[in-house]
Amino acid sequence: MTPSDAPGGASSGAPSDRWSSLDRPPLNTAALRRALTAGGGLWTSVEVVPRTGSTNTDLAARAGGLPEGAVLVAEEQTAGRGRLDRSWVAPARSGLFFSVLLKPGSAVPQERWGWLTLLAGVAAADALERTAGVDTSLKWPNDLLVAVDGQERKAAGILAERTADGVVIGVGLNVSLTREELPVPEAGSLLLAKAAVTDREPLLKAVLRSLEHSYADWRAHAGDPAASGLLEAYAARCATLGREVRAELPGGRSLTGTAEAVDAEGRLVLRTADGSREAVGAGDVVHLRPAG
């Protein structure tokens with residue numbers, strides 16, 4: 001996978017090479033549907049496709065005709081997108097590449113919908129720690145970090161896209177990528193982080209259940225990040241806070257300073273060398289030094 005965020009394609013109705021890697025079996029669509037869509041919860045449908053360009057693109061295109069809670073998973077992704085239109089590519093069945101459709105509706109003011117990216121990050125990190133036993137932190141705004149040989153490495157990214165009446169959230173998680181398969185030195189995987197579990201089905205179910213729980217709580221509090229506890233939970237997991245960072249901003253501008261807080265709008269607040277503070281709402285952040 002490359003340094004971005006989005007999803008990709010194979011299912012139990014897979015092509016003839018579905019067992020070409022015994023370490024990377026296909027997902028069982030029927031089992032996932034039984035586990036996730038029964039009981040009247042958030043998840044209303046689960047579709048697993050062998051291969052696609054981008055699950056975010058596919059699900060967003062169909063969002064108007066789907067109820068909230070649609071889940072699209074791909075075993076291989078050929079044109080996944082992350083922040084700044086970077087690509088997200090990984091070997092077939094080496095990770096989890098999926099998108100979900102959420103429709104907060106009038107229960108949450110639209111100006112708070114931007115928190116869904118951060119909410120998904122917290123939910124995924126919580127699930128991976130519980131299920132895979134891997135310490136997971138968040139790099140603002142949408143990367144999940146794990147430790148590989150004592151170094152922070154990006155193992156997952158999250159991308160949210162607005163639709164006419166909702167938000168599609170895409171997650172790309174490196175599960176079984178080996179060192180030789182990593183596209184860049186900054187990447188990592190659960191396997192390289194010595195995770196206790198690399199079976200994708202329990203990992204996917206855990207992440208989706210965690211997301212369902214967090215989303216329900218956030219929505220019940222009208223998307224208020226403080227009242228729902230999301231702001232506190234994100235700050236507690238955010239490895240960016242307390243670090244000296246460089247923010248690469250839209251338009252080619254960059255800003256260097258100490259990351260002091262995440263504000264009520266989900267922006268990263270930086271204190272620059274002259275003591276001034278600036279809130280960054282979009283852009284890429286580079287960690288320059290460890291938290292001190």
Side-chain angles (χ1 to χ4, degrees), residues 4-7 36 41-44 54-64 66-73 80-83 88 96-128 136 138-144 156-173 204 206-238 240 262-268 279-283 285:
S4 284
D5 1 49
L36 294 167
L42 174 63
W43 309 119
T44 52
S54 162
T55 55
N56 255 35
T57 298
D58 293 351
L59 192 56
R62 296 158 46 194
L66 292 173
E68 180 177 50
V71 180
L72 177 61
V73 189
R81 293 171 295 112
R83 290 179 63 82
W88 180 282
L96 288 173
F97 318 110
F98 66 95
S99 296
V100 302
L101 175 61
L102 301 177
K103 297 185 177 183
S106 59
V108 179
Q110 288 200 17
E111 59 267 24
R112 290 176 173 169
W113 289 14
W115 271 96
L116 284 170
T117 305
L118 284 69
L119 182 152
V122 173
D126 287 349
L128 293 176
T136 308
L138 301 169
K139 177 174 171 283
W140 186 92
N142 61 348
D143 292 345
L144 273 70
I158 297 167
L159 178 69
E161 297 184 47
R162 290 284 187 101
T163 66
D165 61 348
V167 179
V168 170
I169 299 176
V171 178
L173 170 66
L204 178 59
V207 171
L208 288 173
R209 286 167 175 158
S210 181
L211 179 55
E212 178 178 9
H213 174 79
S214 297
Y215 176 68
D217 195 42
W218 174 80
R219 199 169 183 270
H221 289 86
D224 187 320
S228 65
L230 175 57
L231 179 57
E232 181 180 3
Y234 186 87
R237 281 202 177 275
C238 185
T240 303
V262 174
D263 69 12
E265 296 180 33
R267 301 176 302 179
L268 184 67
V280 175
V285 166

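Nothing fancy with the numbering, it's 1 onward along the sequence.
Inter-residue side-chain proximity for Leu204 and Val73 is flagged as met; some heavy-atom pair is nearer than 4.5 Å. Looking at heavy atoms from C-beta onward, Val71 lies out of side-chain contact with Leu36 at the 4.5 angstrom threshold. Side-chain contact between Val285 and Leu268 is present, with heavy atoms from C-beta onward closer than 4.5 Å. Contact check for Arg162 versus Gln110: side-chain heavy atoms found under the 4.5 Å cut-off. You'll find the side chain of Asp126 reaches within 4.5 Å of the side chain of Arg237, heavy atoms only. The side-chain heavy atoms of Leu173 and Leu128, taken from C-beta on, include a pair separated by under 4.5 Å. For the pair Phe97 and Val171, the minimum side-chain heavy-atom distance is 4.5 Å or more. Taking 4.5 Å as the limit, some side-chain heavy atom of Trp43 sits within range of a side-chain heavy atom of Leu211.
Counting all heavy atoms, side chain and backbone alike, Ser99 lies closest to Gly170 at OG-CA, 3.6 Å. The minimum heavy-atom distance linking Leu144 with Ala125 is given by the pair CD2-N, 3.9 Å. Nearest heavy atoms, Trp113 versus Pro104: NE1-CB, 3.6 Å. Smallest separation of non-hydrogen atoms from Ala63 and Thr163: CB-CG2, 3.8 Å. Taking each heavy atom of Thr117 and Ala160 in turn, the nearest pair found is OG1-CB, 3.1 Å.
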Next item on the list: Could you give me the CA-CA distance, side-chain angles and deciding distance for Leu116 and Trp218, then say whether side chain to side chain contact (heavy atoms under 4.5 Å, CB included) is met?
Entry: CA-CA 9 Å; Leu116 284 170; Trp218 174 80; 3.6 Å; yes
Item checked: Step-by-step side chain to side chain contact (heavy atoms under 4.5 Å, CB included) determination, Asp224 to Arg112 -> CA-CA 7 Å; Asp224 187 320; Arg112 290 176 173 169; 3.8 Å; yes
Item checked: Verdict with supporting geometry, Glu68 and Leu42, side chain to side chain contact (heavy atoms under 4.5 Å, CB included) -> CA-CA 7 Å; Glu68 180 177 50; Leu42 174 63; 3.8 Å; yes
Next item on the list: List the steps and the verdict of side chain to side chain contact (heavy atoms under 4.5 Å, CB included) for Ile169 and Leu159.
Entry: CA-CA 6 Å; Ile169 299 176; Leu159 178 69; over 6 Å; no
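Here the rule is side chain to side chain contact (heavy atoms under 4.5 Å, CB included) with Leu101, and of Val167, Thr44, Asp165, Leu59 only Leu59 fits it. With Ile158 as reference, Asn142 is the one residue of Leu119, Asp143, Asn142 to meet the side chain to side chain contact (heavy atoms under 4.5 Å, CB included) rule. Under the side chain to side chain contact (heavy atoms under 4.5 Å, CB included) rule, Val262 has a single partner from Leu138, Thr240, Leu231, which is Leu231. Checked against Tyr215 for a side chain to side chain contact (heavy atoms under 4.5 Å, CB included), the options Glu212, Arg219, His213 give a single hit: Arg219.
With values rounded to the nearest 0.5 angstrom, Leu72 atom CG is found 6.0 Å from Arg62 atom CZ. Distance check: Tyr234 OH to Trp140 CH2 gives 7.5 Å after rounding to the nearest 0.5 Å.
Under a 3.5 Å cut-off, the side chain of Lys103 and the backbone N or O of Gly69 do not form any donor-acceptor pair. Distance alone, capped at 3.5 Å, is enough to place a donor-acceptor pair between the Ser214 side chain and the Ser210 backbone.
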